[in-house]
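Every number for a ligand or one of its atoms is a count from 1 in the order of the listing.
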Amino acid sequence: MAFTLGPRALSAGYRLAALERTGSTNTDAIEAARAGERGPIWFVTSEQTAGRGRRQRPWIAPRGNLAASVLEVMDVAPAVAATIGFAAGLAEEAALEKVSLEAALRLGPDRPRYALKWPNDVLAGGKKLVGIGLEAEAVDDGLAVVVGIGTNVVAAPEGTPTPAVSLAALGVQISADELFSALSDAWVEFRGIWDNGNGFAEIRKLWLARAAGLGERVAIHTGTTTLEGIFDTIDDTGCLIVRTAEGRRVPVAAGEVFFGPVRSVGAA
Ligand SMILES: O=C(O)CCCC[C@@H]1SC[C@@H]2NC(=O)N[C@@H]21
């Protein structure tokens with residue numbers, strides 16, 4: 001894969017490991033951390049053969065899609081590290097807006113519109129365009145945090161719980177390389193605002209302004225139960241707050257969100 005960016009093209013001391021093909025960039029990043037790598041460093045490929053999604057699902061990404069994982073060893077608690085995913089969603093959305101400018105002018109009212117779905121997806125027209133998977137592991141001198149971002153650049157998988165879409169299908173004809181260039185710049189900005197969790201209040205505000213389904217009906221499948229209600233907000237730890245029919249405000253730390261009419265748990 002021709003990732004043309006060299007280390008000098010990345011901002012703020014970030015390095016780049018550009019891989020022709022790999023199993024999982026998240027695995028590459030975690031293994032590097034175990035071997036002493038401290039980051040910040042990107043592991044990037046446009047052909048990932050054993051990608052890992054959330055909830056033990058595979059992440060299917062044919063050649064041409066972007067798989068990018070950024071590793072950094074930090075001095076933060078795991079619960080704080082978990083909120084970095086919101087900064088990642090914002091960075092990806094900003095990168096998508098940048099690379100979609102030409103298509104937006106060409107397509108006018110039919111241009112792609114992006115939104116952030118709790119906890120870490122980016123949607124286009126209600127369909128999943130980007131998945132973000134966080135991993136963390138304690139190392140000698142801190143917590144190795146890996147933010148893995150998968151974008152459907154040329155193709156989207158079929159038969160997923162949330163229907164998926166690709167940039168190509170939306171009329172945005174760009175390469176994984178071009179998207180990574182925009183993403184790595186935007187990451188520096190939003191990672192900076194997040195500031196090891198100190199800036200999560202600002203990230204939360206920015207995220208809520210772009211959130212899909214805010215104030216609307218949601219069903220959240222947690223694996224064993226389904227919680228229904230109105231998507232009220234996210235709290236200062238990143239939990240989704242659901243307002244139930246009885247007026248309770250229930251914080252949800254993990255689960256899969258479905259908008260609109262309730263679906264059966266089996267369909268998740
Ligand atoms: O929505 C999800 O389930 C999260 C998907 C995360 C996929 C990305 S692609 C880059 C990185 N490498 C992986 O193996 N997973 C993440």
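Two rings, from Phe231 and Trp118, have their centers 6.0 Å or more apart.
Residues satisfying the side-chain contact (heavy atoms from CB on, under 4.5 Å) criterion with Ala155, sequence neighbours excluded, are Pro62. Residues passing the side-chain contact (heavy atoms from CB on, under 4.5 Å) test with Arg210, sequence neighbours excluded: Leu90, Glu93, Leu116, Leu206.
Residues in residues 66-84 take part in these salt bridge (Lys or Arg N to Asp or Glu O under 4.0 Å) pairs, two or more places apart or across chains: Glu72-Arg191.
Remark: side-chain polar atoms of Thr45 are paired, donor with acceptor, to backbone N or O of Leu19 under 3.5 angstrom.
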For this session: Decide side-chain contact (heavy atoms from CB on, under 4.5 Å) for Val154 and Asn65; before the verdict, give the C-alpha distance in whole Å, the side-chain angles of both, and the deciding distance to 0.1 Å.
Result: CA-CA 6 Å; Val154 296; Asn65 283 359; 3.3 Å; yes
Which N/O atoms of ligand 1 sit under 3.5 Å from a protein N/O, and at what distances?
from     : atom 1 : to     : atom 2 : distance (Å)
ligand 1 : 1 (O)  : Lys128 : NZ     : 2.5
ligand 1 : 3 (O)  : Arg54  : N      : 2.7
ligand 1 : 12 (N) : Thr25  : OG1    : 3.2
ligand 1 : 12 (N) : Asn26  : N      : 3.4
ligand 1 : 12 (N) : Gln48  : OE1    : 3.0
ligand 1 : 14 (O) : Ser24  : OG     : 2.7
ligand 1 : 14 (O) : Arg52  : N      : 2.7
ligand 1 : 15 (N) : Arg52  : O      : 2.8

